[in-house]
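Below is one structure, written out as structure tokens, with a few remarks after it.
Atoms within each ligand, like the ligands themselves, are counted from 1 in listed order. Excluded from the calculations below are hydrogen atoms, water molecules and symmetry mates; all remaining heavy atoms, backbone and side chain alike, are included. Residue numbers count from 1 along this sequence.
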Amino acid sequence: MGDNAKVQLSGDTSAPGRPGDTSAPGRPGDTVVAVGVPAWAGVLVGVVSMAAGLVVTELVAGVLSTDTSPVVEVGNRVVDLVPKPLRDWAISTFGTSDKAVLLAGVAVVLIAVSTAVGTLALRGRLAAAVAVLAAVVLLGGLSSLGRGGAGPIGLLATVLGGALSGLVLWRLADAARAGWVSGGNRSELSTSRRRFFVAAGATAGVTLVGGGVAAWIRSNAAVAAERLGITLPGPVRPLPPPPAGVSVGLDGVSPFFTPNEDFYRIDTALVVPKVSVEDWQLRVHGLVERELTIDYETLLERPMVEVDATIACVSNYVGGDLIGNARWLGCRLDDLLHEAGIEPLADQIVGRSVDGFTAGFPTATLDGRDAVVAVGMNGEPLPTRHGYPARLIVPGLFGYVSATKWLSEIELTRFEDFEGYWIPRGWDREAPVTTSSRFDTPTDGARVRAGELLGVGGVAWAMLRGIEAVEVRVDEGRWERAELGEAYSGTTWRQWRHEVRLDAGRHSLEVRATDTEGETQTGERVLPGPGASSGWHTISVTAT
Ligand SMILES: Nc1nc2c(c(=O)[nH]1)N[C@H]1C(S)=C(S)[C@@H](COP(=O)(O)O)O[C@H]1N2
Ligand SMILES: [Mo]
């Protein structure tokens, strides 16, 4: 069957004509024209169906288990099978581009196999085509189940991909045959061809998009794997674990350290930036005497300190959960900036993120407090969501003016010359965390036992100063002093608990905190924006 060669119609169901019959099956006067399927159509059908299958395999594997890639694994197997002398020859000949040569080789093999599959299918030998496809699936499946393979997920992904590939092959082959070999008059054939091109094009388009998604999942997985492989250096002077007394031992009260997976999260980026430490660097510049550029390794060589600090979001409503406490590991920001030498003109320290986010705070913040370029959070490298590989943590300031995640630059500037991301959007330029407190238990609207002692509790914070007292009142009665967790650090929140006895009925409970300077949290209710919210957290419970 050559290109554009006329062929005889056979097995035709749509046309009444017999082989050689040129009478019109459709409109009278039309000629039945049928030509051989051009060779390139075989390549097209084969490559599109194979690519669709591979993409599905990679997507299924990527979604079910982020670090498996059956396609790469088959590639690795093949490399293992190549005799060592040949491999050595390839490495010495192609040097560092041996990977690219390998990939090109894989592509050539895949295209050859696809072409075979597509051509067989277009010649009506679907069974043979499917057999070749099945052999490919078998190879993928076996290497998944083999030692060091992707396991059952790889097998499942390969089988699903193979099935889809077969389906696409069958449909596209049908469409191509309708366009070239099946009967019909000239206009029917050209309509069928158009249909074939649309189907092939649409499948190719979806495959490309899917391939992009699969590649994206893989690059995420690569950063996730890199992060898991990192061993952070120990701090110069490790902090002991906080005394047991920081906990008031009441169920429902937030744990002293917020587990990373429960830590609140605020970011402007639509997707979390995935930054590899290989590509990461921190530039310290602007109004400094010496610009510094530090890569991840150099950063980890700096003396590391541990800092227990609570960070909070300015958008937190009274009683809200946009606050968390962690043990951060990092290098001191003041040391770093003194090394760069802050010019006297500078009054603002701006953190810039790889995602374009910026946050600025006064140079006066470097007052000895434990501000750090953090790399660790609660004993592990920063989670990706929380700024891996590095972020700023500045105790006492709201996140939006200080806690830049995925930090890439620290620039010394003047407030009059630069405003951080949220400032032109209407938020206060300077934003110290305000004294506040909240109920964790019971929750608003809870039903409780009437006449029995009821444990109520939560957390309170007065950043840098520390909490002196927490008081609770029922139904706007007398304020009663709550019991506090052991005083630990001004930069962390403090747990509190209290006992109340409620009559049957609905009751309001309020809580307020006082800092160590004797200042009591204001009861004035203000919603967040342009500064923090204020007011006493008030819940209502029904005792029965
Ligand atoms: N790059 C970047 N850093 C950022 C933000 C952001 O949107 N992008 N949000 C900030 C805000 S508003 C807060 S409250 C804290 C939240 O940090 P977390 O998500 O680790 O809890 O990060 C700050 N750092
Ligand atoms: Mo925030």
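- When only non-hydrogen protein atoms are considered, atom 24 (N) of ligand 1 lies nearest to Ala403 O, 3.0 Å.
- Salt bridge status for Asp267 with Lys405: present, with a side-chain N to carboxylate O gap under 4.0 Å.
- Nearest to atom 19 (O) of ligand 1 among the protein's heavy atoms is Lys405 NZ, 2.5 Å.
- Compare Trp406, Tyr400, Phe398 by their heavy atoms: the one nearest to atom 12 (S) of ligand 1 is in Tyr400.
- When hydrogens are left out, the protein atom nearest atom 17 (O) of ligand 1 is Arg391 NH2, 3.0 Å; that is the closest non-hydrogen contact.
- The aromatic rings of Trp493 and Trp461 sit tilted relative to each other, their planes meeting at an angle between 30° and 60°.
- Judged by the 6.0 Å distance and 45° axis criteria, Arg352 is positioned over the aromatic ring of Phe418.
- A salt bridge is defined here as a Lys NZ or Arg NE, NH1 or NH2 lying under 4.0 Å from an Asp or Glu carboxylate O, and Glu339 with Arg290 fails to meet this definition.
- Applying the side-chain contact (heavy atoms from CB on, under 4.5 Å) test to Leu110 and every residue at least two apart in sequence or in another chain returns Leu54, Val106.
- An N or O contact shorter than 3.5 Å links Ile266 to ligand 1 by distance.
- Looking at Phe357, Tyr421, Phe263 and measuring to atom 10 (C) of ligand 1, the nearest heavy atom belongs to Phe357.
- Of the N or O atoms in Ser353, one or more lie within a sub-3.5 Å distance of an N or O in ligand 1.
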